[in-house]
Amino acid sequence: MMNRIIRRIQRFKGWFGAAAAFCIFYGLYLGLFDSPPDYYQGEVVRIMYVHVPLAHTSLMAYASLFLGSLWYLWKRDPLVDNMCQAAAGLTVIFTALSLITGAIWAKPTWNTWWTWDPKLISFAILLLIASGYLMLRTFVEDPDKEGRYAAVLAIVGGIDLPIIYFSAEWWRSLHQPLSISMRGVSMTGDILLPLSIMSLGLNLLFLYMLMVRTQMLYLTNLLQAKKGRLLSQVHLTQTSS
Amino acid sequence: MTGFYLRWAGVIVMAITMAVLANKNYQEHLASISPEAVLAGEHSHATLRVQGMVGSGSLTGSPEEGHAEFELLGETKHLKVQYQGPPPENLRELKTLILIGRWDSGSQVFQAQDTALVTNYGFVASAYLIAFLVLVASVFSMSRKVTCLFQEIKESKLYEPELETHVEHR
């Protein structure tokens, strides 16, 4: 079933890319030109419009890896395994970018590039888990074991997601708490709109990249399989002659 | 591959347009000049953003009085400033800030209407550039690899129609 859904969604890949580009360009316009500067931070607050959406997208990337891994362990669908591998690579990209832009924002506001804050530490751990997932896949030779071990690692690593999300609430933290929660929304509309559009744009970009990367891994595997089949045919012809 | 490169050319044109607009907006609305440049008349806009330090012992007036006067220090010269309206709380002596207002060349007094914080735009620009350069490079390399793989499968002798729908895993 999941295999069919992925194949069907792949047909609309281009639309996801176009929608992502539109939302990102519109979000950039609103964030850089239209939204007001912050009273305390001034213009530096505009980094928020790229940092926060990147952080949301990296959480979404890992969530899709987590759910895909659960599905793979249940159904052993190779296409879902490709999707998980693709999601892990994208988690590394988005998490690293989120940490880098966060450090750039922290320097003028906290006067330091890095601090041992629970949210920052748990985010760095997410980067290590996703990198470890990719490393594990390169170390294991057997494709079936590779997929299984990697899925187990992704599921165990899923415990980091709620820690990241609620860390600013659970512990006394330098990082600001959730702006959108059960308590309500603690930001004005002219900040919320560009932030939401950029988040939507980057989430759509993630979905587009996930489709392209899944296709890339699928085609690579297909090519390897075809090459292997051809080689075995040549080998059979040579041995029979 | 031509269609692929054409699509990417479109994306690059849009990105360059965005960068040009951002730079134009910065030059027109956000770039600040020094008190020396104001006194020398090196400005073309009616509303100016002047960056300097509020001179020690020069600040008179209060929010209750609804106005303030002070001197804004540059590297070599200072500018007489009249702040119209109640001065904000961040208007203090020895504080470096940006004043937004108009230059009255007749009375040689800068008529300030608002203040802004001094911003290092390098942080904002570097955050956006790093994020989007990495993302665009990743999308480009992945899309190109997919296009190349499709071509390799179609053009090489490896191509043969799949008989079964199930795809082998490695």
Side-chain angles (χ1 to χ4, degrees), chain A residues 3 17 21 24-25 28-29 31-33 37-47 49-51 54 76 78-79 81-82 86 89-90 93-94 96-98 100-102 104-105 107-108 143-144 146-147 202 205 208-209 212-213 215-216 218-230, chain B residues 7 10-11 14-15 17-19 21-22 24-26 29-30 88-90 97-98 115-150 152-153 156-160 162 165-170:
Chain A
N3 197 309
I24 288 171
F25 278 112
L28 279 176
Y29 167 75
L32 290 175
F33 307 125
D38 184 67
Y39 182 76
Y40 292 107
Q41 296 183 38
E43 300 287 341
V44 172
V45 77
R46 296 187 196 282
I47 297 175
Y49 300 120
V50 65
H51 168 69
L54 279 170
R76 298 293 159 90
L79 193 62
D81 188 39
N82 283 342
L90 296 175
I93 293 174
F94 280 100
L97 285 177
S98 171
I100 291 168
T101 52
I104 295 172
W105 194 14
K107 182 62 183 166
D144 184 49
E146 178 195 319
L202 283 180
L205 182 71
Y208 174 72
M209 287 170 86
V212 174
R213 203 168 158 78
Q215 199 173 29
M216 187 182 93
Y218 171 80
L219 289 175
T220 309
N221 291 342
L222 187 71
L223 199 64
Q224 277 179 355
K226 281 182 183 297
K227 274 181 182 167
R229 197 182 304 155
L230 197 79
Chain B
R7 273 200 304 276
V11 172
M14 278 180 79
T17 311
M18 203 76 192
L21 283 175
K24 200 177 163 200
N25 183 62
Y26 170 76
H29 303 296
L30 300 172
E89 62 181 38
N90 64 354
L97 43 73
I98 294 170
T115 60
L117 295 175
V118 178
T119 305
N120 187 340
Y121 287 96
F123 286 115
V124 183
S126 56
Y128 277 87
L129 277 177
I130 289 172
F132 284 103
L133 282 179
V134 170
L135 285 177
V136 168
S138 309
V139 177
F140 176 78
S141 63
M142 282 191 284
S143 310
R144 193 172 177 281
K145 180 91 188 278
V146 168
T147 314
C148 291
L149 281 168
F150 264 125
E152 197 179 342
I153 289 171
S156 68
K157 289 174 184 171
L158 297 171
Y159 179 73
E160 54 181 290
E162 286 285 336
T165 51
H166 177 71
V167 178
E168 287 177 39
H169 180 62
R170 293 233 176 145

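Residue numbers start from 1 in every chain, and the chains themselves are labelled A, B, ... in the order their sequence lines are given, proteins ahead of strands.
- Among all heavy-atom pairs drawn from A:Y208 and B:S143, the shortest one is OH-OG, 4.0 Å.
- Interface remark: A:I100 contributes side-chain atoms only to the contact with chain B (heavy atom separation under 4.5 Å).
- Taken to the nearest 0.5 Å, the CD1 atom of B:I153 stands 4.5 Å off from the CG atom of A:L222.
- Counting all heavy atoms, side chain and backbone alike, B:V124 lies closest to A:V44 at CG2-CA, 4.0 Å.
- Listed by chain and number, the residues in a salt bridge (charged side-chain N to carboxylate O under 4.0 Å, His left out) with A:R46 are A:E43 (sequence neighbours excluded).
- Ranked by heavy-atom pairs shorter than 4.5 Å toward chain A, the options B:V118, B:N25, B:N120, B:L30 are led by B:N25.
- In this structure, A:L97 and B:I130 approach most closely via the heavy-atom pair CD2-O, 4.0 Å.
- To the nearest 0.5 Å, atom NZ of residue B:K145 and atom CZ of residue A:R213 are 9.0 Å apart.
- For chain B, the nearby part of A:F94 is the side chain; its heavy atoms alone come within less than 4.5 Å.
- B:V11 and A:F25 make their closest contact through O-CZ, 4.5 Å (heavy atoms, listed as atom of the first residue, atom of the second, distance).
- Using a 4.5 Å heavy-atom cutoff, the side chains of A:L90 and B:M142 are in contact.
- Rounding to the nearest 0.5 Å places CD1 of A:I24 at 5.0 Å from CZ of B:F132.
- Nearest approach of A:T101 to B:A131, heavy atoms of both residues: CG2-CB, 4.2 Å.
- The part of A:L54 that comes within reach of chain B is its side chain, from C-beta onward, which places non-hydrogen atoms under 4.5 angstrom from that chain.
- Residues B:L21 and A:Y29 form no side-chain contact, since every pair of their non-hydrogen atoms from C-beta on lies 4.5 Å or further apart.
- Note that SG of B:C148 is 11.5 Å distant from CG of A:L223, once rounded to the nearest 0.5 Å.
- Both the backbone and the side chain of A:I104 come within contact range of chain B, judged by heavy atoms closer than 4.5 Å.
- Neither the backbone nor the side chain of B:Y26 comes within less than 4.5 Å of any heavy atom in chain A.
- With a 4.5 angstrom heavy-atom cutoff, A:L28 touches chain B via backbone and side-chain atoms both.
- If you measure heavy-atom distances from B:A116 to chain A, you find no contacts under 4.5 Å at all.
- Side-chain atoms of B:L149 and A:T220, non-hydrogen and from C-beta on, do get closer than 4.5 Å to each other.
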